[in-house]
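All remarks here apply to the structure that follows.
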Amino acid sequence: MKKLLLSSLALSVLAGCSSGVDEDNLKSVERALNIRHLCIKASTRSAPDNFVEALKTSLANKRISSEAMKNDGKDCEYILIANAKGNRQLIARAKFTVINAKTKSEVGVVGYKRRGDEKERAKQTGLQGQTDLMVNQLFKNY
């Protein structure tokens, strides 16, 4: 019984490491919020080329429209703060945080690190696959 428990625990730890998503830094957005539009505030200085476009495509696949945040975001109910670092083609590390603009409260967060098996998967799926993975985890209840 102990061997079965230890082996299943080891497999779950390995699966978490290989997915790229930082399970310790994951809080999915609740379905009850019914978010249909986000303003994006992205840090693109060290992000891959086309990062924001890939992020918008991933959100659109979840039926969530998005736009770049203008000025102070007074017109935005929810804001997606996206920080990513990597090379010109792929993300090495990223963190997406969704906040309620009125209450300034965090309603969802996902972290990502390209390591382990995720390195090979990222090479195959590219930037769009990486943003899809993060958005799918952030909005897994949608």
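Looking at residues two or more places apart in sequence or on another chain, you find no side-chain hydrogen bond (donor to acceptor under 3.5 Å, both in side chains) involving Glu120. In this view, Asn83 satisfies the side-chain hydrogen bond (donor to acceptor under 3.5 Å, both in side chains) rule with no residue, not counting sequence neighbours. Here Thr57 pairs with nothing under the side-chain hydrogen bond (donor to acceptor under 3.5 Å, both in side chains) rule; sequence neighbours left out. Under the rule for a ring-ring contact (aromatic ring centres under 6.0 Å, His included), the partners of Phe139 that lie at least two apart in sequence or sit in another chain are Tyr142.
Nearest approach of Val110 to Val21, heavy atoms of both residues: CG2-CG1, 3.8 Å. Closest of all the heavy-atom pairs between Ala82 and Leu55 is CB-CD2, 3.9 Å. Scanning both residues, Leu90 and Arg114, for their nearest heavy atoms gives CB-NH1, 3.1 Å. Scanning all heavy atoms of the two residues, the minimum distance from Ala101 to Cys76 falls at CB-O, 3.1 Å. Taking every heavy atom of both residues into account, Gly129 and Arg121 meet most closely at O-NH2, 3.5 Å.
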Derivation and outcome, side chain to side chain contact (heavy atoms under 4.5 Å, CB included), residues Ile99 and Leu80: CA-CA 7 Å; Ile99 62 168; Leu80 172 63; over 6 Å; no
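For residues 38-47, no pair satisfies side chain to side chain donor-acceptor pair (under 3.5 Å), with sequence neighbours left out. Residue pairs meeting the side chain to side chain donor-acceptor pair (under 3.5 Å) criterion with at least one partner in residues 94-109, sequence neighbours excluded, are Thr103-Ser105. Residues in residues 25-38 take part in no salt bridge (charged side-chain N to carboxylate O under 4.0 Å, His left out) pair, two or more places apart or across chains. Legend: ring pair (Phe, Tyr, Trp, His ring centres under 6.0 Å) pairs involving residues 80-103, not counting sequence neighbours: none detected.
Inspection of the Asp132 and Ser58 side chains reveals an N or O donor paired with an N or O acceptor under 3.5 Å. At a cut-off of 3.5 Å, with distance as the only test, a side-chain donor of Tyr112 or Glu118 sits close to an acceptor on the other residue.
Residues Ile40 and Met69 fail the side-chain proximity criterion, which asks for heavy atoms closer than 4.5 Å. At a threshold of 4.5 Å between non-hydrogen side-chain atoms, the residues Asn141 and Val29 do not count as touching. In this structure, the side chains of Thr131 and Gln128 come closer than 4.5 Å at one or more pairs of heavy atoms. Ile79 places none of its side-chain heavy atoms less than 4.5 Å from the side chain of Val98. Side-chain contact between Asn136 and Lys62: present, with at least one pair of heavy atoms (C-beta onward) separated by less than 4.5 Å.
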Show which side-chain atoms of residues 47-54 pair as donor or acceptor with protein atoms under 3.5 Å away, not counting sequence neighbours.
residue: Asp49; atom: OD2; partner: Arg88; partner atom: NE; Å: 3.0
residue: Asp49; atom: OD2; partner: Arg88; partner atom: NH2; Å: 2.9

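Rounded to the nearest 0.5 Å, atoms OH (Tyr78) and CD1 (Ile35) are 5.0 Å apart. Taking NE2 of His37 as the start and OG of Ser65 as the end, the distance is 4.5 Å to the nearest 0.5 Å.
In this structure a side-chain-to-backbone donor-acceptor pair under 3.5 Å is present from Gln130 to Ile91.
Under the 4.5 Å side-chain heavy-atom criterion for ILVMFWY residues, a single connected hydrophobic cluster contains both Val107 and Leu26.
The 12-atom threshold is not exceeded at CZ of Arg93, counting heavy atoms of other residues, nucleotides or ligands nearer than 6.0 Å.
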